[in-house]
Number of protein chains: 4
Amino acid sequence: MTEKQRKILDTALELFALEGYNSISTKKIAQGAGVSEGLIFKHFGSKEGLLDYLVEEGVELMNRELDTLMQISDASERLRATLRFPKTIIDRNPAYWKVQISIKFANHEIKEKYHNSSFMGKAMGILNDTFDELNFENPQMETQLLMQIIGSFFMALVNDEIENYDEMLSFLEKKYNLK
Amino acid sequence: MTEKQRKILDTALELFALEGYNSISTKKIAQGAGVSEGLIFKHFGSKEGLLDYLVEEGVELMNRELDTLMQISDASERLRATLRFPKTIIDRNPAYWKVQISIKFANHEIKEKYHNSSFMGKAMGILNDTFDELNFENPQMETQLLMQIIGSFFMALVNDEIENYDEMLSFLEKKYNLK
Amino acid sequence: MTEKQRKILDTALELFALEGYNSISTKKIAQGAGVSEGLIFKHFGSKEGLLDYLVEEGVELMNRELDTLMQISDASERLRATLRFPKTIIDRNPAYWKVQISIKFANHEIKEKYHNSSFMGKAMGILNDTFDELNFENPQMETQLLMQIIGSFFMALVNDEIENYDEMLSFLEKKYNLK
Amino acid sequence: MTEKQRKILDTALELFALEGYNSISTKKIAQGAGVSEGLIFKHFGSKEGLLDYLVEEGVELMNRELDTLMQISDASERLRATLRFPKTIIDRNPAYWKVQISIKFANHEIKEKYHNSSFMGKAMGILNDTFDELNFENPQMETQLLMQIIGSFFMALVNDEIENYDEMLSFLEKKYNLK
DNA sequence: AATGAATGAGTTTTCATTCAT
DNA sequence: CATGAATGAAAACTCATTCAT
C-alpha cells in the first residue's frame, strides 16, 4: 500500500464519520488527502469500493480484538472485560474506532455488510460461553440483552453522549455480580 | 392540509425510511406522491423543510404517547409499560413508527434535530420518577441504562432484528422484579 | 415541443454529424443550443435518449419520403425517381439529411437501431415491384444491387465526395434503359 | 517489433473494430493485451499514434493486394478478379480485414486518413485501365460506379450483411459481359 | 523494455431549487 | 393551489497521458 493510498483511506474514514458516507464527495476526500480525484478510483474502483475496504479493515481489526477477549481464561474477568470492551478498544485506537463505528451505525448499506460479517456471531459465542461458565440461569437471554447494551454503548461513546461511563460500568458490574 | 400535502408527507416518510434522507431526491418524492416537484417547495420551502415537518410530527406524537405512559399511576405497572413501550407504539401505528424511528437512527442531521427535542428529557423524567417510587437503589443509573436498552430495542424492532421479543420482555421483567 | 427542446435537437443533430456521437459532449450541445446541460436530461433522459429521438425522427421522415416515391404509378418514372432519390431528399432538406445520414453511417450503435427499422424493407419492396413491372430478368438481384448503390450514393453525397452526380445519373439511367 | 508491441496492435485492432475508436480506452487495450497502460505510450506515443500505425499497416497491405490485382494481364480476368476482390482479400486474412475495414467505415477521423492515402487512386487507375482495355464506352463513369459498388460490398461483407454473395457475383459478371 | 502510481481535464448524469403561467 | 420548464452547481466516474523506478 502506497503512502497516498493510506492517506485516502484515513481521510475517507474521518470524513465519512464526521458527515456520513452520502454527504462526503470523492472530491472532498481527494482534496483532504491531497491527491487527485482519479486516484481514488484507480485504487478502489468506486466510492463504494473505498467504503468496502474501510469496512473490511474494521471487521478484521474487530475480529482480532475479540480474539484477545476470548483468550481471557477466567470467566468473571472475561465478562468484566466484555463490559469494558467498547471503551477499551476505542481508547486503544481512538480516531479509528470513533469513525468505524459511527460509519457502521449511521449507514444503511453498511449495516448489511457488517451484519453478515463474522464478528457478530463470534461476539455472541464468547458472551454465551461466559454466561454459561458463570452459571447464569438463562445464558442465551443474557447474551442477547448484553449484546444490545454493548452495541448501544458503542454508539453512545463514539457520539460522546456518555459522561459518566465509569460510573455506568461499576453499576453494571454490580448488576452482573462482578463486585 | 390538502390531500396532496398529506400525500407528499407520507411518501417522503416512507422513502426516507427505505433509503435514507440523502439518497431520496425530491423528484422521487414528487413521482411517488403523484404531484409536481414544484409543489413540494411551495408547501415546505425546501427538502429540509419537509424533513423538519416530519420530525416535528414524530416528536409531537411521541410526546403524546409519553403523556399516556406518564398517566399510569402504579409505578410497577408504569415500568412494565415502559419496557413494552417500543413494541406498543410500533404496533399501534406500525408503518408510521417504523419509518420515523428508522429515519432517526439512520440519519446524521436528523439525529441532532431529535436529540434537542423535548421528549428525551420527558422520557428520562418518567423513568427516573418510576425507579424512585419503586425504591431502586440508584434511580439515575437505572434510568440511564434503561434508556439505552429501550433505544436499542426501538432500533432492533424497526429493523426486524428481534424474533423473541416477548421472551426478552419476560426476561427483563424478572430482572426488574416485576414478576 | 418547446422552443428550447427543438433547439437542443437541432444542435445535437448538427454536432453529431460534424464530429460523431461519441466525440460530442452534452456540454457542447447545451452550449450550442444556449440551454443548461440539465435540460437535455430533463427532456430526453440521457444522451442516448437524445440520439434515439433524432434517429426516430429520421426514420419517420424517411418513411414518408418513401411513401411519396411509392405513389408514382409509372414504373419507369418510379425507377428514375429512385435513382434520384438520395439527391432529391437531401436537396429538399439539406442540413437535416446531411446529418441524419452521416449519423447513420458513422455510428455503430445507431446502425443497429436503423437496421431493424421498417424503411429498409419498405424501400426494398418498392424496388422489387418496380423491377418486376419493368420485366427485368432478375428483379431480386437487381433490387439488392441497386440498394447497395443507392446506399453508397447517400453516403457519398452527405460527405460531398461526388462532383459529377448528374453525369452519374445519366449514366445509370442508360444502364437501366430509362433513356 | 516485440511480442508485446504486436499484442497491443492486435488487441487494439480488434477492439476498435468491435466498439469504435472513441469508445475504446487505452486501459481496455492494455488489459486486453496483458500489458501496462504506459507501454502503449512508450511504443506508440499516443492513442492516435496507435491508430495511425494500424491504418498505415492496412494501407500497405491493401497496396500489396492491389499490386497483385494489377499484375493480371488479361483485362476480363482482371475485371472478374476486381469484382471478387473484397471477398478474396477478406477470405485470405479474415480477422485482419474485418476489423481494418470496419474501422475505416465506422470512424470519422480514420476515414480522412484513409481517404488521402494512395491506394484509392491506385485502385481507380487499375479499374480505369481495365474498362479502357475492354472498350467500355465510358470507362471513367464505369470506374466511378464500380468503386462505389465495391466499397459498399466491403462494408456489407465485414458486417455479415450479405448471404448470397456468390449469386451477386454471377449477376454482376453477366452485367459486365464476363459470362 | 516495462511497470504502475499519479494526474487533471473531461464525461454523463443528478439534484434542489426558481419561476412564469 | 398546482404545474412543468428551466437552471447551475455538484456528483461519481473515465480518460489519455506523464513519470519515477
Side-chain angles (χ1 to χ4, degrees), chain A residues 1-5 7-8 21-30 33-50, chain B residues 1-5 8 21-30 33-51, chain C residues 1-5 7-8 22-30 33-50, chain D residues 1-5 7-8 21-30 33-51:
Chain A
M1 164 137 21
T2 68
E3 195 188 334
K4 298 210 171 184
Q5 225 162 328
K7 198 73 206 299
I8 290 170
Y21 173 76
N22 284 309
S23 302
I24 294 297
S25 66
T26 50
K27 191 180 184 179
K28 274 187 201 152
I29 298 170
V35 303
S36 69
E37 220 181 326
L39 195 57
I40 295 175
F41 295 88
K42 263 270 144 72
H43 283 314
F44 303 101
S46 66
K47 194 188 169 191
E48 209 188 337
L50 175 57
Chain B
M1 165 143 12
T2 68
E3 194 188 336
K4 297 207 170 184
Q5 230 161 327
I8 290 170
Y21 173 75
N22 283 307
S23 302
I24 294 298
S25 63
T26 51
K27 186 183 180 183
K28 276 187 199 154
I29 298 170
V35 302
S36 69
E37 226 178 321
L39 196 57
I40 294 175
F41 294 86
K42 200 77 183 181
H43 283 315
F44 304 100
S46 66
K47 194 186 168 191
E48 209 188 340
L50 176 57
L51 179 62
Chain C
M1 163 136 20
T2 67
E3 195 189 334
K4 299 210 171 185
Q5 224 163 328
K7 198 74 204 302
I8 290 170
N22 284 309
S23 302
I24 293 298
S25 65
T26 51
K27 190 179 187 181
K28 275 187 201 155
I29 298 170
V35 304
S36 69
E37 222 180 326
L39 195 57
I40 295 175
F41 294 88
K42 263 271 144 71
H43 284 314
F44 304 100
S46 65
K47 193 187 170 190
E48 208 189 340
L50 175 57
Chain D
M1 163 143 13
T2 69
E3 195 189 335
K4 297 207 171 183
Q5 229 162 328
K7 199 73 206 302
I8 290 170
Y21 174 75
N22 283 306
S23 301
I24 295 297
S25 63
T26 50
K27 186 183 180 185
K28 276 187 199 156
I29 298 169
V35 302
S36 70
E37 225 178 324
L39 196 58
I40 295 174
F41 294 87
K42 200 80 181 176
H43 283 315
F44 303 100
S46 67
K47 194 186 169 193
E48 211 188 340
L50 176 57
L51 178 61

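Just the heavy atoms: all of them, side chains too, but no hydrogens, waters or symmetry mates, feed the values below. Each chain gets a letter, A, B and so on, in the order its sequence line appears, and its residues count up from 1.
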> Using a cut-off of strictly less than 4.0 Å, decide whether Thr26(A) has a side-chain nitrogen or oxygen near OP1 or OP2 of dA11(F).
no

> Given dT13(E), dT17(E), dA2(E), which nucleotide is nearest the side-chain atoms of Glu37(C)?
dT13(E)

> Check His43(C) against Thr2(C) and note the closest heavy-atom contact, atom names and distance.
NE2-OG1, 4.2 Å

> Assess the residue pair Leu50(C) and Thr26(C) against the criterion (side-chain contact (heavy atoms from CB on, under 4.5 Å)); give the C-alpha distance rounded to whole Å, side-chain angles, the decisive distance to 0.1 Å, and a yes or no.
CA-CA 10 Å; Leu50(C) 175 57; Thr26(C) 51; 5.9 Å; no

> Taking the side chain of Ser36(D) as heavy atoms from C-beta outward, which of dA5(F), dT3(E), dT18(E) is closest to it?
dT3(E)

> How close do Lys28(D) and Ile24(D) get, counting heavy atoms only, and between which atoms?
CD-CD1, 4.3 Å

> In the strands shown, is dT7(F) matched to any nucleotide by a Watson-Crick or G-U wobble pair with both distances under 3.5 Å, and which?
dA16(E)

> Would you kindly give the CZ-to-P distance between Phe44(D) and dT17(F), to the nearest whole Å?
14 Å

> Would you mind reading off the distance between Leu39(C) atom CG and dA9(F) atom P, rounded to a whole angstrom?
16 Å

> Name the pairing partner of dG10(E), where a pair is Watson-Crick or G-U wobble with both distances under 3.5 Å, or state none.
dC13(F)

> Quick one: on DNA chain E, does Lys28(B) or Glu3(D) contact a more 5' nucleotide (nearest heavy atom)?
Glu3(D)

> In this structure, how many angstroms lie between the P atom of dA10(F) and the NZ atom of Lys47(B), rounded?
16 Å

> Let me know, please, whether Lys4(C) or Ser46(A) comes out on the 5' side of the other along DNA chain F by nearest nucleotide.
Lys4(C)

> Is dT21(F) paired to anything, Watson-Crick or G-U wobble with both distances less than 3.5 Å, and if yes, which nucleotide?
dA2(E)

> Could you give the CD1-to-C1' distance, from Ile40(D) to dC19(F), as a whole number of Å?
16 Å

> May I ask you to verify if any side-chain N or O of Thr2(A) is less than 4.0 angstrom from the OP1 or OP2 atom of dG4(E)?
no

> Which atoms form the tightest heavy-atom contact between Gln5(A) and Phe44(A), and what is the distance?
CG-CZ, 3.9 Å

> Using whole Å, report how far CZ of Phe41(C) lies from P of dA9(F).
17 Å

> Let me know the distance between CG of Asn22(A) and P of dA10(F), rounded to the nearest Å.
18 Å

> NA contact type, Ile8(C), heavy-atom cut-off 4.0 Å: base, sugar-phosphate, or nothing?
nothing

> Distance check needed: dA11(F) P versus Ile24(A) CD1, whole Å only.
9 Å

> Check Ile40(D) against Ala30(D) and note the closest heavy-atom contact, atom names and distance.
CD1-N, 3.9 Å

> Return whichever of Lys42(A) or Gly38(C) has its heavy-atom-nearest nucleotide of DNA chain F closer to the 5' end.
Gly38(C)

> Taking Lys4(A) for the side chain and Ser36(A) for the main chain, is one N or O donor matched with an acceptor at less than 3.5 Å?
no

> Roughly how many Å is it from NZ in Lys7(C) to P in dA6(F), rounded to a whole number?
13 Å

> Would you please confirm or rule out a distance under 4.0 Å between OP1 or OP2 of dA6(F) and any side-chain N or O of His43(C)?
yes

> Considering only side-chain heavy atoms of Ser25(A), which listed nucleotide, dA11(F), dC13(F), dT17(E), is closest?
dA11(F)

> Can you work out whether Val35(A) or Lys27(C) has the more 5'-proximal nearest nucleotide on DNA chain E?
Val35(A)

> What nucleic acid atoms does Leu50(C) come within less than 4.0 Å of, heavy atoms only: base, sugar-phosphate, or nothing?
nothing

